[in-house]
Amino acid sequence: MKKNNLTLAVLAGAGMCVTAACVKIPADADYISPSATYTQTLFEPVLGRTSLIPGDPGTNIFNKDNSTSPLNFKIINMRGANGEAADIFNKTFPVLVWKEPYTGLEKTREEIDRKRTIEQRRLFEVREHSGQFVMWRPEDLAYLNAIKKQPDPGYKFDVEVSNSGGSKIVRNLELKPLRPQPYEPNAFDPVTGNSYGEVTPRVVSNIKVMYEDQTMGSMMVKMIFYKNPDTKGNTLTFEFRDSAYRPIDPKLFRTTKWEEMIHHFGTARFTPEAVTYEVAYPIPLSVRPTRYTNGAGNRAMVSFTYDRMVNGQFRSAAILGTDFAIYEPGDWKIVFWFHKRNPDFKDN
């Protein structure tokens, strides 16, 4: 009887070992959820600028649904919205890439240049482990002519998501690029490119109208952006014009902190008609808050100021200010045109 019990025990133990061998799973096996997917499926980047999607690096648009990290992302099957080939996205082009972080503290353009390099990249990429997308600005903007722009339905693509535990494909994401907009703010329709209004400064405060007992509003000042098509420099010039489009000496904005505006190199150059800075483009150089930008870090911030005595009793501080961005290199000019009335700079 004891022998039979021993035999049964041995057989039972052997059976357990065999069973365990059949179901044994490594404790560190990766898992990828069949429900993992993108929470945003339509992407509308503006061409002609390098854009991270989403714009805030801390924003997550991929729901991994408890999938094991790190995940690997890869764009596959890029195609036109109707299924046609989209070869432009399978080619690589020279683009400007940061190899060291931009801080806003760089003192020379050479220091900026050392932090950037030219690399060959596809125009639309997914970051390998974050799942964020990047639309690159090619060094030669002529390549953008081959990309379909809205109102064309654009493109569809799939993303393969994987880890060592397996993979899945997120299908039929949409890419609908918008036509280039070389600067902001602007008054261009992003689909048609037609102009639909005027650009005005963000701040017009306490600027008295000459010969009148009133102050200006923002609608009394136009902003005009102009890029010299015949030169290939890296400058930014500010001009101020009266209602007859005659130049206003920038030094009339006498309390302006000229050397603290715009990340520039060397000292500002003044003439009776303008002030010019040597800069590096784009402006801002990177989406990062610095002393030269707004709080989001996506636009440069400038403020032109002066004060004047009012009724011999107190000084009134006047401000003309705006936020802006320029995405193409060149010799650019921003004109502030007091097109309805002239500003009064004199003490009273």
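Just so you know, these numbers come straight off a predicted model, no measurement behind them.
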Answer whether the closest heavy-atom distance between the side chains of [X] and [Y] falls below 4.5 Å.
X	Y	value
Thr322	Val302	yes
Arg315	Val310	no
Ser303	Thr256	no
Pro34	Lys168	no

> Which is it for Arg269 and Glu278 under the salt bridge (charged side-chain N to carboxylate O under 4.0 Å, His left out) test, yes or no, and what are the steps along the way?
Replying inline: CA-CA 9 Å; Arg269 303 196 306 270; Glu278 293 289 335; 2.9 Å; yes
Reported [atom1]-to-[atom2] distance for the pair [X] and [Y], which is rounded to 0.5 angstrom:
X	Y	atom1	atom2	result
Thr235	His264	OG1	NE2	13.0 Å
Asn206	Thr305	CG	OG1	12.0 Å
Glu44	Ser51	CD	OG	12.5 Å
Thr293	Leu285	OG1	CG	11.0 Å
Asn311	Asn348	CG	CG	5.0 Å
Asp307	Ser316	CG	OG	8.0 Å

>> So for atom CE, which belongs to Met309, do other residues, nucleotides or ligands contribute more than 12 heavy atoms lying within a distance under 6.0 Å?
In response: yes
> Counting only heavy atoms not in Lys232, do more than 12 sit closer than 6.0 Å to its NZ atom?
Replying inline: no
When you measure from the centre of the six-membered ring of [Y], is the NZ or CZ of [X] under 6.0 Å away and within 45° of the axis?
X	Y	value
Lys333	Phe225	no
Arg49	Tyr327	yes
Arg116	Trp98	yes

So which heavy atom on [X] is nearest to which on [Y], and how close?
X	Y	result
Ile88	Ala146	CD1-CB, 3.9 Å
Gln132	Leu52	CB-CD1, 3.9 Å
Asp30	Ser164	OD2-OG, 2.5 Å
Ser69	Lys64	OG-NZ, 2.7 Å
Asn342	Ser243	OD1-N, 2.8 Å
Ser33	Ser67	N-OG, 2.8 Å

Between [X] and [Y], does any side-chain N to carboxylate O distance fall below 4.0 Å?
X	Y	result
Asp344	Lys208	yes
Asp158	Arg79	yes
Arg114	Glu110	no
Glu84	Lys148	yes
Glu328	Lys227	yes
Arg127	Glu125	no
Glu174	Lys156	no
Asp323	Arg202	yes
Arg291	Glu260	no

> Looking at Phe324, Phe240, Tyr245, which one forms a ring-ring contact (aromatic ring centres under 6.0 Å, His included) with Phe336?
Replying inline: Phe240
>> If we check ring-ring contact (aromatic ring centres under 6.0 Å, His included) with Trp258, which of these qualifies: Phe304, Phe238, Phe253?
In response: Phe304
Mind checking whether [X] and [Y] sit in one hydrophobic cluster, side chains of I, L, V, M, F, W, Y counted as touching below 4.5 Å?
X	Y	value
Met301	Tyr306	no
Val95	Phe89	no
Tyr38	Leu71	yes
Leu96	Phe93	no
Phe270	Tyr277	yes

>> Before you tell me yes or no, could you show the steps for Phe188 and Tyr196 under ring-ring contact (aromatic ring centres under 6.0 Å, His included), namely the whole-Å CA-CA distance, both residues' side-chain angles and the distance that decides it to 0.1 Å?
In response: CA-CA 6 Å; Phe188 300 122; Tyr196 58 84; 8.2 Å; no
Give a yes or no answer on whether the side chain of [X] reaches the backbone of [Y] with a donor-acceptor pair at less than 3.5 Å.
X	Y	value
Glu239	Glu273	no
His263	Ala280	no
Thr192	Asn194	yes
Lys251	Pro272	no
Glu160	Ser162	no
Arg179	Lys149	no
Arg341	Met210	no
Thr39	Ile61	yes

> What do the steps show when you test Asp242 against Trp337 for side-chain contact (heavy atoms from CB on, under 4.5 Å), and what is the final call?
Replying inline: CA-CA 6 Å; Asp242 70 9; Trp337 180 19; 5.8 Å; no
> Just checking, is any N or O donor in the side chain of Asn163 or Thr68 under 3.5 Å from an acceptor N or O on the other one?
Replying inline: no
> How far apart are the C-alpha atoms of Tyr155 and Phe124, what are their side-chain angles, what is the distance that settles it, and do they pass the ring-ring contact (aromatic ring centres under 6.0 Å, His included) test?
Replying inline: CA-CA 11 Å; Tyr155 306 90; Phe124 187 64; 9.1 Å; no
> Phe157 and Phe133: ring-ring contact (aromatic ring centres under 6.0 Å, His included), yes or no, with the steps?
Replying inline: CA-CA 12 Å; Phe157 64 99; Phe133 297 99; 5.6 Å; yes
>> Let's go through Thr276 and Thr237 carefully: what are the C-alpha distance in whole Å and the side-chain angles of both, what is the deciding distance for side-chain hydrogen bond (donor to acceptor under 3.5 Å, both in side chains) to 0.1 Å, and is it a yes or a no?
In response: CA-CA 4 Å; Thr276 298; Thr237 297; 2.8 Å; yes
> For Phe62 and Asn60, what are the C-alpha separation, side-chain angles and deciding distance, and is it a side-chain contact (heavy atoms from CB on, under 4.5 Å)?
Replying inline: CA-CA 6 Å; Phe62 186 81; Asn60 182 21; 3.9 Å; yes
> Taking it one step at a time, do Thr50 and Met135 satisfy side-chain contact (heavy atoms from CB on, under 4.5 Å)?
Replying inline: CA-CA 6 Å; Thr50 294; Met135 175 62 81; over 6 Å; no
